[in-house]
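Chain naming here is simple, since letters A, B, ... match the order of the sequence lines and numbering starts at 1 in each.
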Number of protein chains: 2
Amino acid sequence: MTEPAPPPDTAQRMRHAALHLFARHGYAAVSMRQIAAEVGVQVGALYNHIPDKQALLFQLLSEHMTELLQAVAAEDLSHAPLAALEGFTRFHIRHHAARPEAVFISYMELRNLDAANFALLEEQRQAYETRLRMILEAGQADGSMRMADARVATRAIIAMLTGITTWFRDSGGLSLGEVEEIYWEMVRRLVAG
Amino acid sequence: MTEPAPPPDTAQRMRHAALHLFARHGYAAVSMRQIAAEVGVQVGALYNHIPDKQALLFQLLSEHMTELLQAVAAEDLSHAPLAALEGFTRFHIRHHAARPEAVFISYMELRNLDAANFALLEEQRQAYETRLRMILEAGQADGSMRMADARVATRAIIAMLTGITTWFRDSGGLSLGEVEEIYWEMVRRLVAG
DNA sequence: GTCTATATGATGATAGAC
DNA sequence: GTCTATCATCATATAGAC
């Protein structure tokens, strides 16, 4: 009746190890041998699960963006613009604070993707940005928000919020809930009508 | 009467080439041979000007931070807090927009410094942050600004402003002066008393 | 200061045994 | 699916001639 012990699942352990090591040392500075050592196999074994190192990086970044888009799509859009903006702000903070390593390499390692892979991710990134921009433009339209340039405000807000991952630690002086409150107040003022 | 042609100045050309290549491909992904090829010398010649690759990276980042601190120290501090904040905002945008590559590697390549070099730069970074935080706290004290947490607001503003370098291009739709206006308006609202 | 040549070791990826 | 062994290449850094 007991479940059989799950297999070691080398593929997943490899992705996990690569995420940690890429975040700490950078994609180019991490060798396949280091990843294999972290997983507990020899280097040749990794190539049963991934065609090459580049594909491993792309898989990590692609999974991160897909997960982000799926999660934001699940947010309720039926609110008035200001409430939608609050929802987006709190969602973005929670989602990014929960995966600082994936956020970090998604920004840092784009250079190491080939052109085709880069284009795929850039498209997803823009789709996410558009989600926020639509909220801001709806707020402009119904008069609940006021700003000089919705595109610029979109980028400013995302940069401000994502920057949290560079300093926020669970062990720090502020809880994530407190950070959420502080940032929502700043975002609210930024677009005040 | 004419000036003699200046010497090729390999040391400076090396730093210039390294800045471009590190920004484009990342420190770990760039070889000393690539740098030498960009300068137009053989790889051995570089080691007459730098003890090793790590020192080359540190020199670039250290020069960038020292230049930033010197430039901000030259700003006039005699203004009221709101005027000082406007001065800081415009200074930060102009200074960073003028050197996007140095900004980029200063953020990306900190991981590749050894502990001692990292500590030196972190100290300088905090000194810069403190400059802005003092302005915000002065504004809180005299009632011209209002915010939940000056430390958090400091980081939020710097992240928001530095993010400009990731998308601003001279050839784009907005002039730097227009960007300055838009961001100063957003910063002003963010701390509105 | 720059060159050529080299020491020494690590890298990504593959082949074939088990 | 993992192992050992290996290929071919590239890396940083140095030595000594000019």
Between [X] ([atom1]) and [N] ([atom2]), how many Å, whole number?
| X | N | atom1 | atom2 | answer |
| --- | --- | --- | --- | --- |
| B:Gln42 | D:dC18 | CD | P | 18 Å |
| A:Ile50 | D:dG1 | CD1 | P | 13 Å |
| A:Leu21 | C:dG12 | CG | C1' | 16 Å |
| B:His49 | C:dC3 | NE2 | C1' | 13 Å |
| B:Leu46 | C:dT4 | CG | C1' | 15 Å |

Item to check | Mutual orientation of the aromatic rings belonging to A:His64 and A:His95 [parallel < 30°, tilted 30-60°, perpendicular > 60°] | outcome: tilted
Next on the checklist: Students often mix this up, so state it plainly: with edges at 30° and 60°, are the rings of B:Tyr27 and B:Phe22 parallel, tilted or perpendicular?
Outcome noted: perpendicular
Checklist entry - So what does A:Val30 touch, heavy atoms closer than 4.0 Å: a base, only the sugar-phosphate, or nothing? => result sugar-phosphate
Result block: side-chain N/O donor-acceptor pairs under 3.5 angstrom for residues 36-44 of chain A, not counting sequence neighbours:
none

Please list each protein N or O that sits under 3.5 Å from an N or O in nucleotides 13-15 of chain D, with the distance.
unit_1 : atom_1 : unit_2  : atom_2 : d
D:dA13 : OP2    : B:Tyr47 : OH     : 3.1
D:dA13 : OP2    : B:Lys53 : N      : 3.0

Checklist entry - Counting only N and O atoms by type, is there a donor-acceptor contact under 3.5 Å from the side chain of A:Glu109 to the main-chain atoms of A:Leu57? => result no
Checklist entry - Side-chain N or O of A:Ser31 less than 4.0 angstrom from OP1 or OP2 on C:dA10? => result no
Checklist entry - Mapping B:Tyr27 and A:Gly40 onto DNA chain D by nearest heavy atom, which one lands closer to the 5' end? => result A:Gly40
Next on the checklist: Whether A:Glu67 and A:Arg99 form a salt bridge (side-chain N of Lys/Arg under 4.0 Å from carboxylate O of Asp/Glu) is what I want to check.
Outcome noted: yes
Checklist entry - Are the aromatic ring centres of B:His92 and B:Tyr128 under 6.0 angstrom apart? => result yes
